[in-house]
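Everything numeric here is computed off the predicted structure, so don't read it as measured data. In each ligand, atom 1 is the first atom listed, and ligand 1 is the first ligand listed. Numbering of residues begins at 1 and proceeds along the displayed sequence.
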Amino acid sequence: MPAPMTPRPFRVVRRRRDTHDTVTLELEPASGQPLAAKPGQFTMLYAFGIGEVPISVSRTDGPLLVHTVRAVGAVTESICASQPGAVLGVRGPFGNAWPVVEAEGRDVVIVAGGIGLAPLRPALLHVLQSRGDYEAAVLLYGSRTPRDLLYRTELERLATQADIDVRVTVDAADDDWRGNVGVVPKLIGDALFEPANAIAMVCGPEIMMRYTAEALLARGVGADRIFASMERNMTCGLGYCGHCQLGPTLICRDGPVYRWDELEPLIAVREL
Ligand SMILES: Cc1cc2nc3c(=O)[nH]c(=O)nc-3n(C[C@H](O)[C@H](O)[C@H](O)COP(=O)(O)OP(=O)(O)OC[C@H]3O[C@@H](n4cnc5c(N)ncnc54)[C@H](O)[C@@H]3O)c2cc1C
């Protein structure tokens, strides 16, 4: 095993442009030894000579490492520009997982905002692949505009399936959009699930997660059955550097997935 701060080389084998600023990369390990991640975990992805950033694994059910990355700054721009054949460094996987096992026998409500669908995708795929282990399945997804929607083909296919309630919304429509307009928490009221039996998994901007949790609580989902993934910045991924401290916890070590009754008091405190 390499030292925990030493990145392993992974080669880009496929690159798909998802939106104007987001790509999905499929990577294979140069060593041939695959990286096994659980739904919700992330790696530290290194663009050599530029920098390293935490990125969630966006598919965990195959031999390749899959990441969906939005270009927002120097490192993510460089990662997104990587073409097949390029080599990136990978450390991890790190962090805990979505409660896909605890959710068995329950209704599963997945609520995503923007790039937040990427960390939730492995949980969604797990539920779909083990559909008999769960009761109702719900996917609520919102993005700023239609051109920001991730995995559109997958979403369109899912929307035709009878065994999942899929609802998509955008903050601002364009001329071609015929779907919902408004923020994603507004979809919770009508979604097809039984609050007393549901587990919710939420990922998106913090403000979206807060309003989503409020809407779920208002429908009767207990705070101990709402889980949210925190995507604040971090450096080492190993609990050494302290950059991702959240109250008495470290997001890289104790998260990124938190139960809402534990998370809510921590994010209520303003960052210094
Ligand atoms: C556990 C975890 C999982 C993540 N998973 C993904 C993922 O699957 N796909 C993906 O595209 N991104 C993901 N991110 C966010 C990603 O790590 C940041 O976008 C990245 O670090 C930005 O680095 P940069 O050098 O490109 O941009 P920077 O120059 O560092 O930042 C550019 C802009 O983005 C803001 N920013 C930076 N990091 C974050 C962040 N974590 N949250 C919100 N705003 C930020 C900065 O304040 C700045 O305005 C994840 C973050 C964490 C902590």
In terms of side-chain heavy atoms, does [X] have a donor or acceptor partner in [Y] at a distance below 3.5 Å?
X: His67; Y: Thr43; answer: yes
X: Tyr258; Y: Ser229; answer: no
X: Thr19; Y: Asp148; answer: no
X: Thr235; Y: His243; answer: yes

Salt bridge check: are [X] and [Y] linked by an N-O gap of less than 4.0 Å?
X: Asp21; Y: Arg70; result: yes
X: Glu264; Y: Arg210; result: yes
X: Asp61; Y: Arg59; result: yes
X: Arg232; Y: Glu206; result: yes

Please tell me if [atom] is touched by the protein, where touching means a protein heavy-atom distance below 4.0 Å.
atom: atom 38 (N) of ligand 1; value: yes
atom: atom 17 (O) of ligand 1; value: yes
atom: atom 46 (C) of ligand 1; value: no
atom: atom 25 (O) of ligand 1; value: yes
atom: atom 34 (O) of ligand 1; value: yes

Residue part near ligand 1, for [X], under 4.0 Å between non-hydrogen atoms:
X: Ile251; value: neither
X: Ile115; value: side chain
X: His67; value: neither

- Any N or O on Glu77 sitting closer than 3.5 Å to an N or O of ligand 1? no
- Message: Using a plain distance cutoff, I'd like to know if Val75 has any nitrogen or oxygen under 3.5 Å from a nitrogen or oxygen of ligand 1.
- Response: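 Yes; the residue has a nitrogen or oxygen that sits under 3.5 Å from a nitrogen or oxygen of the ligand.
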To which protein heavy atom is [atom] closest, and what is the distance rounded to 0.1 Å?
atom: atom 8 (O) of ligand 1; answer: Ser56 N, 3.1 Å
atom: atom 43 (C) of ligand 1; answer: Glu231 O, 4.4 Å
atom: atom 11 (O) of ligand 1; answer: Arg70 N, 2.7 Å
atom: atom 29 (O) of ligand 1; answer: Gly73 CA, 3.8 Å
atom: atom 19 (O) of ligand 1; answer: Val72 CG2, 3.4 Å
atom: atom 14 (N) of ligand 1; answer: Pro54 O, 3.4 Å
atom: atom 36 (N) of ligand 1; answer: Asn233 ND2, 4.6 Å
atom: atom 12 (N) of ligand 1; answer: Ile55 CD1, 3.6 Å

- Could you grab the distance from atom CD1 of Ile79 to atom CD of Glu52, nearest 0.5 Å is fine?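 Between Ile79 CD1 and Glu52 CD, I get 9.0 Å after rounding to 0.5 Å.
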- Query: How many angstroms lie between atom CG of Leu45 and atom OG1 of Thr76, to the nearest 0.5 angstrom?
  - Reply: 10.0 Å
- Task: Could you tell me if any non-hydrogen atom of Ala74 lies under 4.0 Å from any atom of ligand 1?
- Result: yes
- Task: Count the heavy atoms of every other residue, nucleotide or ligand shown that sit under 6.0 Å from CZ of Phe48, and state whether that count exceeds 12.
- Result: yes
- Could you tell me whether the side chain of Arg225 and the main chain of Pro195 form a donor-acceptor pair under 3.5 Å?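 Answer holds: yes.
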- Message: For Glu26 and Arg15: C-alpha separation, side-chain torsions, deciding distance, then whether salt bridge (Lys or Arg N to Asp or Glu O under 4.0 Å) applies.
- Response: CA-CA 6 Å; Glu26 295 182 32; Arg15 176 182 187 274; over 6 Å; no
- Note on the structure: Among Val23, Val53, Leu117, the residue with a heavy atom nearest to atom 21 (O) of ligand 1 is Val53
- Query: Which ligand 1 atoms, with their elements, are less than 4.0 angstrom from a heavy-atom of Thr68?
  - Reply: 7 (C), 8 (O), 9 (N), 10 (C), 11 (O)
